[in-house]
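Everything below concerns the one structure shown next.
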There are 2 protein chains.
Amino acid sequence: MLNYSTSEENYIKAIFHLQEANETVSTNALAQELLTRPASVTDMMKKLKTKKLIHYQPYQGFRLNTEGKKVALGIIRRHRLWEFFLSEKLKFEWGEVHEVAEELEHVSSKKLIDKLDEFLGYPKFDPHGDPIPDVHGRMEDHERISLFDLPLNVYAEVCHVANQSTEMLDLLKHKSIAIGTKLEVKRKFDFDNSLEVKIRQQSPVTISEQLAKNIFVKYGS
Amino acid sequence: MLNYSTSEENYIKAIFHLQEANETVSTNALAQELLTRPASVTDMMKKLKTKKLIHYQPYQGFRLNTEGKKVALGIIRRHRLWEFFLSEKLKFEWGEVHEVAEELEHVSSKKLIDKLDEFLGYPKFDPHGDPIPDVHGRMEDHERISLFDLPLNVYAEVCHVANQSTEMLDLLKHKSIAIGTKLEVKRKFDFDNSLEVKIRQQSPVTISEQLAKNIFVKYGS
DNA sequence: ATATATTTTTAGATTTGTCTAAATATTTAT
DNA sequence: ATAAATATTTAGACAAATCTAAAAATATAT
Ligand SMILES: [Mn+2]
Ligand SMILES: [Mn+2]
Ligand SMILES: [Mn+2]
Ligand SMILES: [Mn+2]
């Protein structure tokens, strides 16, 4: 497995995430994701094509090929293991881990990552509930459903938060919701689609439609 | 405190180490240390001068000013804390930590380093026995003496290893010597300046002049 | 189907960090 | 003191990653 520059890695990872939503990734979408210019994206796509990491025909969009996905999973593994480390061992807050992991992920020593994985006890999910690829790039993919779609009076556990902005995390903290929180939806109000949610041993809280659609849960107490 | 590029940081750190030995650092010495060309050093020295980190007059050599030393100590702090982490927590071997720390040291989040320091229990020395600067850049500077200069029959403890090549570490391992090893010199042979050294609860080993001059000890059992 | 708008690519420039080869300054030896 | 050797700097080039502005391709609307 070759080594890639920090910049190349950031592009590869972004394509990986974007192509989960859309079959093919566009120049503009990638430019927006990476806070860069379309012209810079085109330049980089030419390079990644030469390095045989993507399928790309001018004007046709692009997507990672098998090798590209393998590389992406390696970067995501590093990112999420560091996030776990920062949160679990260094007691960083939820919202602070991403930015630092964005740098740490580019330290490419394989031994470092595999030993870190071992040290952390082979965690399966990062602090945002995203699955951590193992040494072979495999990850658990638990079925999850948005809190908004959870039926009434069914126990479920928060396992993923889609948006990880400071604003979102502020709000979650205020509502006492985190990964692992057990809850059930008691009522849904048709007027504004807000939910009344009961968390164990707490009084019920109101969750807006927007927030509920960003919280994902799995069934079970 | 501004942020510096990886390349700038590597130059700054190298100057810091070189100016401990010589009053002023030369272009060639720095080029050799960094495995680069003298012309590249001159280019960078101009930049570091503009950024007010060094004293530099063309042809006169250079040295870090107060601000430059402060920056250097920050980089060294990061480097050595990561070395300690790799050795202590991830169980890396002595000889493997430096290369990885050389990359990790450039991740510049202050919070990351201060929390790492806390997590590690505020260690004072890295795995090679080098002192770790604290958050203010201060470090313990225990007086140490080379094993070669240690008087006969005086108990001492290994606290520093000057050379950290794989070859050196191989040899040290074979002789069962590490940071913290307690020993005393029993004899010195004038023919080749070799030493007979007694480590607690072990049979005596022979240490060459070259090796002894790279091992540093402090007095006391 | 044609005009308009949007997206993407190209052309050319810029910054950072590096290099080689040549010029210049300094040091050392005679 | 002069010549030779060594060290340092300058000049000019190059690769990586970015940008702006203009050109070209594609998509959309009438
Ligand atoms: Mn990144
Ligand atoms: Mn995450
Ligand atoms: Mn480094
Ligand atoms: Mn060290």
Tell me whether the side-chain N/O atoms of [X] come closer than 4.0 Å to OP1 or OP2 in [N].
X	N	result
B:Thr36	C:dC19	yes
B:Thr42	D:dT9	yes
B:Asn28	D:dT8	yes

Please examine the side chains of [Y] and [X], heavy atoms only from C-beta on, and report whether any two atoms are closer than 4.5 Å.
X	Y	answer
B:Val158	B:Leu172	no
A:Lys49	A:Gln57	yes
A:Thr27	A:Phe62	yes
A:Lys89	A:Phe119	yes

Length of the line joining [X]:[atom1] and [N]:[atom2], which is rounded to integer Å:
X	N	atom1	atom2	answer
A:Lys49	C:dT8	NZ	C1'	15 Å
A:Met44	D:dC19	CE	C1'	14 Å
B:Tyr56	D:dT10	OH	C1'	11 Å
A:Arg37	D:dA16	CZ	P	24 Å
B:Leu48	C:dT16	CG	C1'	13 Å
B:Met45	D:dA7	CE	P	18 Å
B:Gln60	D:dT9	CD	P	9 Å
A:Gln57	D:dA24	CD	C1'	17 Å

Under 4.0 Å, counting only non-hydrogen atoms across every strand here, what does [X] touch: a base, just sugar-phosphate, or nothing?
X	answer
A:Pro58	sugar-phosphate
B:Phe62	nothing
A:Thr27	sugar-phosphate

Among [options], which is the nearest nucleotide to the side chain of [X]?
X	options	result
B:Tyr11	D:dT18, D:dT9, C:dT18	C:dT18
A:Lys46	D:dT8, C:dC19, C:dT10	C:dT10
B:Asp43	C:dT8, D:dT9, C:dT18	C:dT18
A:Ser7	D:dT20, C:dT26, D:dT18	D:dT18
A:Ser26	C:dT8, D:dT20, C:dT18	C:dT8
A:Ala39	D:dT18, D:dT9, D:dA21	D:dA21

Taking CD in A:Glu209 as the centre, count heavy atoms belonging to other residues, nucleotides or ligands within less than 6.0 Å. Is the count above 12? yes
Centre-to-centre under 6.0 Å for A:Phe85 and B:Phe85, is that the case here? yes
Pick the closest DNA chain D nucleotide for A:Tyr59 and for A:Leu35 by heavy atoms, then say which residue is nearer the 5' end. A:Leu35
